[in-house]
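All chains are named by letter (A, B, ...) in the order of the sequence lines, taking the proteins before the strands, and each is independently numbered beginning at 1. Note that the coordinates shown come from a computational prediction; the quantities given were computed from them, not determined experimentally.
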Amino acid sequence: MKLILPARLPFSLASVIHSHGWIRLDPFREEESTGGLAYIAQLDSGQVTELHIQEVPGGVSVTFDGDLSDEECAEIERSVTWMLGLDQDFSAFYQLARHELRLASAEQRAQGRILRSPTLFEDVIKTILTTNTLWGATIRMNNNLVAQFGSPLLADPPRRAFPSPARLAETNEETLRTQTRLGYRAPYILELARELSSGELDLEALKTAGLPTPDLRKRLLAIKGIGDYAAANLLMLLGHYDFVPVDSWALKMVSQEWYGGESVGRAEVEAAFEPWGAYKGLAYWLWDWSQEG
DNA sequence: GGTAGACCTGGACGC
DNA sequence: GCGTCCAGGTCTACC
């Protein structure tokens, strides 16, 4: 089956795919032969299907196997629209970026959209897996989670969807620590899965709650394992760019760019992007560090 | 509000 | 092959 979904222009699927490292985490996959993106989705009905997404004039096409119901197709449409931010509008940011050499090509490249998972649950877990570790370990932990707890794709069972909260809630901390190799993150992820599974917490509601950034940030910081960096990262995924996700790389780049290599802290990074106001996180994200200032 | 130390893994390095 | 050190954010206890 095939769906055609429109995107607000300018749009570039390649820009979304390469917006950050999510494309390298299961169940995402880059389809290099087509320049497209594949994602193994588990629908609300339980059906597992692989979505193949390619850019077409004015938007994207989404193809998938199986004879799915209208309801399932509508769910795929909602998910892909969210994942790629098809309806996001960056015109105000582009207007500001035109006056900054380091961001001048953002509009031409249609940058701004950041690849998201269909659920905030998946993005929160992936974000926790990026903290206090190296990228290689993030990939390993995430892929272990998918391989051990994800529902299999019928046509290719070794490949799996991202595990649901309910499936993760059934496991235990010891398994997550020793077999999935999550280390000290195991209790955080288990607690989150159990809170979602029991209905105690409705994470997905945060996508559409329309909360102001400080309130949204407070809700994210209440999740164990989410600190300043992770909250800023998730706020960006939710379309709020008021905070810079300050990690060791940000400290290094700001130190080199504005402080002659002298050691800097979080305050200096925030200060460097302060002029960008509500877009400071996005300005940091898209900043072209390779350009001469 | 700020700070120190613990948390855990895997890669790099020296022996 | 083994032991040690280090990088990477967040949490908790303490001041």
### Query
Separation of I189(A) atom CD1 from dT10(C) atom P, in whole Å?
13 Å
#### Entry: Between W287(A) and E257(A), a side-chain donor and acceptor under 3.5 Å
yes
### Task
Check every strand shown and say whether I226(A) touches a base, only sugar-phosphate, or nothing at a heavy-atom separation below 4.0 Å.
sugar-phosphate
#### Entry: Step-by-step side chain to side chain contact (heavy atoms under 4.5 Å, CB included) determination, F64(A) to Q47(A)
CA-CA 12 Å; F64(A) 44 91; Q47(A) 173 100 328; over 6 Å; no
### Task
Let me have a per-nucleotide readout for nucleotides 1-9 of chain C, 5' to 3', with B, S or -, counting only protein heavy atoms under 4.0 Å.
-------BB
### Message
Please give me the minimum heavy-atom distance between K224(A) and I128(A), naming the atom from each residue.
### Response
O-CD1, 3.8 Å
### Query
How close or far is atom P of dC8(B) from atom CD of E174(A), stated in whole angstroms?
11 Å
#### Entry: Atom-to-atom span, CZ of R181(A) to P of dG11(B) - whole angstrom
11 Å
### Query
Expressed in angstrom and rounded to an integer, what is the separation of I128(A) atom CD1 from dC8(B) atom P?
15 Å
#### Entry: Side-chain N or O of R140(A) closer than 4.0 Å to phosphate OP1/OP2 of dT9(B)
no
### Query
Just checking, is any N or O donor in the side chain of N144(A) or T180(A) under 3.5 Å from an acceptor N or O on the other one?
no
### Query
dA6(B) P sits how many Å from K224(A) NZ, rounded?
20 Å
### Task
Take the protein atom CG of L221(A) and the nucleotide atom P of dC11(C), then report the distance between them rounded to whole Å.
8 Å
### Task
Flag yes if more than 12 heavy atoms outside R159(A) fall under 6.0 Å of its CZ atom; otherwise flag no.
yes
### Task
Measure up the F90(A) and Y241(A) rings against each other and bin them: parallel (under 30°), tilted (30 to 60°), perpendicular (over 60°).
tilted
### Message
Classify I223(A) by what it touches in the nucleic acid, base, sugar-phosphate, or nothing, heavy-atom distance under 4.0 Å.
### Response
sugar-phosphate
### Task
Please report, rounded to the nearest Å, how far the C1' atom of dT10(C) is from the CD1 atom of I125(A).
17 Å
